[in-house]
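Just the heavy atoms: all of them, side chains too, but no hydrogens, waters or symmetry mates, feed the values below. From a predicted model like this one, the values you see are computed outputs, not experimental measurements. Every chain is numbered from 1, with letters handed out A, B, ... down the list of sequences.
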2 protein chains.
Amino acid sequence: MPDPHDCPGCAAPDLAFAAHDHAHCAHDALNRAEALTAATGARLTPVRRRVLEILLEEHKALGAYDVLSRLAQEGFGNQPPVAYRALEFLVDQGLAHRIQRLNAFTACTHMGEDHAPAFLICRGCHSVAEAAATAARAAVETEAARAGFQVERTTIEALGLCPACRVPA
Amino acid sequence: MPDPHDCPGCAAPDLAFAAHDHAHCAHDALNRAEALTAATGARLTPVRRRVLEILLEEHKALGAYDVLSRLAQEGFGNQPPVAYRALEFLVDQGLAHRIQRLNAFTACTHMGEDHAPAFLICRGCHSVAEAAATAARAAVETEAARAGFQVERTTIEALGLCPACRVPA
DNA sequence: CTATGTATGTAATATCATAACACGTCAACC
DNA sequence: GGTTGACGTGTTATGATATTACATACATAG
Ligand SMILES: [Zn+2]
Ligand SMILES: [Zn+2]
Ligand SMILES: [Zn+2]
Ligand SMILES: [Zn+2]
């Protein structure tokens, strides 16, 4: 098992697109999730934990029904609410995000950081990364204020090409 | 019929939330749509025109099925593709926008301006306004570039309270 | 007038999401 | 120990959103 304190991938700002030891990346995220939920008293039950593991397998977004079919294969319930509830829990706990544009979910790559990222969605390989969005959010709020609008949450999702997909093979 | 050259509402930057003569606002938008489609050769057929009129009735987003039921009442086809196709046409022509967060559509308030707005969605009254998003987009692209990601389109949708809904009655 | 492309109508199906209820577990409480 | 209540899970049923495929109408170009 990799040492969590010696990992180039985990230090990368653009984790999803950077080459990294993803097995370690996922393992580490799961540990972090355990710690975070333990700290708040939230219960990372088997279903919820398994859903998070499934999301962590790749830096992509999975639809609720994709998750569900995986769960069903493994002996968990096979009805939509099973998946939706676990996903809702993970999103509420900040362990996963919902990607509006894809009607899909992805594991958070910055667990515990109280962040509100922009999502970078590659239309080539369908990977999803998180990017800092502080400046962008501020800009939106400035414009909104001009209209007297009070922003509570802002969804920012960029569609385009990741580094790997930009260059044709 | 109002004079298109004397309208306080049409000059407001935050048209949707500003008090304005909406009958004129909608009428004017429809004229603009006619002119724009005529100029490009696109055909604003009866269904498409009617869908735009429906969207223009309020500064809100309407689901495809809401639009469809209106169409059906008026003797147009009552199957989903009728609505989805007309809506797709309007979006392609820049006469309407799709609001991802709501799975719904709203008439564009800046037809012909080649804009890429942020949407301000009021959770109180469900009205939707467009706000300038040039700075926000630039910020997103800057961050994306740091990850080597090439942005093609960015969806920015803010949820919050409009001026009218901020103050409790 | 006929061929062509475009728009519309319709049926069927796919995909995404939630409401409502039943059951099991566990810990707090008496 | 039994009761209660909160919570999580399972299941049925339904609702909401969206697309594929095919048939038909209609304009206009040749
Ligand atoms: Zn990784
Ligand atoms: Zn890619
Ligand atoms: Zn108006
Ligand atoms: Zn409002």
Side-chain angles (χ1 to χ4, degrees), chain A residues 33-34 37-38 40-55 60-93 95-106 121 126 155 157, chain B residues 33-34 37-38 40-55 60-93 95-106 121 126 155 157:
Chain A
E34 300 268 22
T37 50
T40 65
R43 292 166 53 191
L44 191 60
T45 60
V47 203
R48 293 167 174 177
R49 186 188 158 100
R50 187 67 193 117
V51 170
L52 182 54
E53 283 174 358
I54 289 168
L55 293 182
K60 301 196 173 162
L62 280 184
Y65 280 75
D66 296 331
V67 170
L68 179 58
S69 66
R70 298 283 305 271
L71 289 176
Q73 283 170 23
E74 300 170 19
F76 295 98
N78 74 339
Q79 298 304 313
V82 173
Y84 279 103
R85 286 192 290 228
L87 290 165
E88 182 185 31
F89 170 85
L90 295 173
V91 171
D92 285 350
Q93 298 296 315
L95 306 177
H97 300 288
R98 177 178 191 129
I99 310 297
Q100 301 284 348
R101 187 155 194 119
L102 304 176
N103 292 326
F105 301 82
T106 190
I121 305 164
H126 305 110
T155 301
E157 294 175 356
Chain B
E34 300 268 20
T37 49
T40 65
R43 293 166 53 191
L44 191 60
T45 61
V47 204
R48 293 167 174 177
R49 187 190 157 100
R50 187 66 194 116
V51 170
L52 182 54
E53 284 173 359
I54 290 169
L55 293 183
K60 301 196 174 162
L62 280 184
Y65 281 75
D66 295 331
V67 170
L68 179 59
S69 67
R70 299 282 306 270
L71 289 177
Q73 283 170 24
E74 299 170 21
F76 294 97
N78 72 342
Q79 299 302 314
V82 174
Y84 280 102
R85 284 192 292 228
L87 289 164
E88 181 185 30
F89 170 86
L90 295 173
V91 170
D92 286 350
Q93 298 296 315
L95 305 177
H97 300 288
R98 178 177 192 131
I99 310 296
Q100 301 285 348
R101 183 153 199 122
L102 304 176
N103 291 326
F105 302 82
T106 191
I121 306 165
H126 304 109
T155 301
E157 294 175 356

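With contacts defined as side-chain heavy-atom distances shorter than 4.5 Å, the pair A/F89/A/L44 qualifies. B/L71 is listed as a side-chain neighbour of B/I54, based on a closest heavy-atom distance under 4.5 Å. Annotation: side chain of A/Y65 is in contact with side chain of A/Y84 (closest heavy-atom distance under 4.5 Å). With contacts defined as side-chain heavy-atom distances shorter than 4.5 Å, the pair A/I121/A/E157 qualifies.
With rounding to the nearest 0.5 angstrom, the CG atom of B/L62 is 13.0 Å from the CG atom of B/N103. Taking CG of A/L95 as the reference point, atom CG of A/L87 lies at 11.5 Å (rounded to 0.5 Å).
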Just the atom pairs and distances: protein N or O near nucleotides 26-30 of chain D's N or O, under 3.5 Å.
none

Please list each protein N or O that sits under 3.5 Å from an N or O in nucleotides 9-16 of chain C, with the distance.
from, atom 1, to, atom 2, distance (Å)
C/dG9, N7, B/R85, NH2, 2.5
C/dG9, O6, B/R85, NH1, 3.1

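In terms of the side-chain contact (heavy atoms from CB on, under 4.5 Å) criterion, residue partners of B/E74 (sequence neighbours excluded) are, by chain and number, B/R50, B/R70, B/F76.
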What's the verdict on side chain to side chain donor-acceptor pair (under 3.5 Å) for A/T37 and A/R43, showing C-alpha distance, side-chain angles and the deciding distance? CA-CA 6 Å; A/T37 50; A/R43 292 166 53 191; over 6 Å; no
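The distance between atom CG of B/L62 and atom C1' of D/dA16, rounded to the nearest whole Å, is 15 Å. The distance from atom CG of A/L68 to atom P of D/dT11 is 11 Å, rounded to the nearest whole Å. Taking atom CG on B/L87 and atom P on D/dA16, their separation rounds to 18 Å, with Å as the unit.
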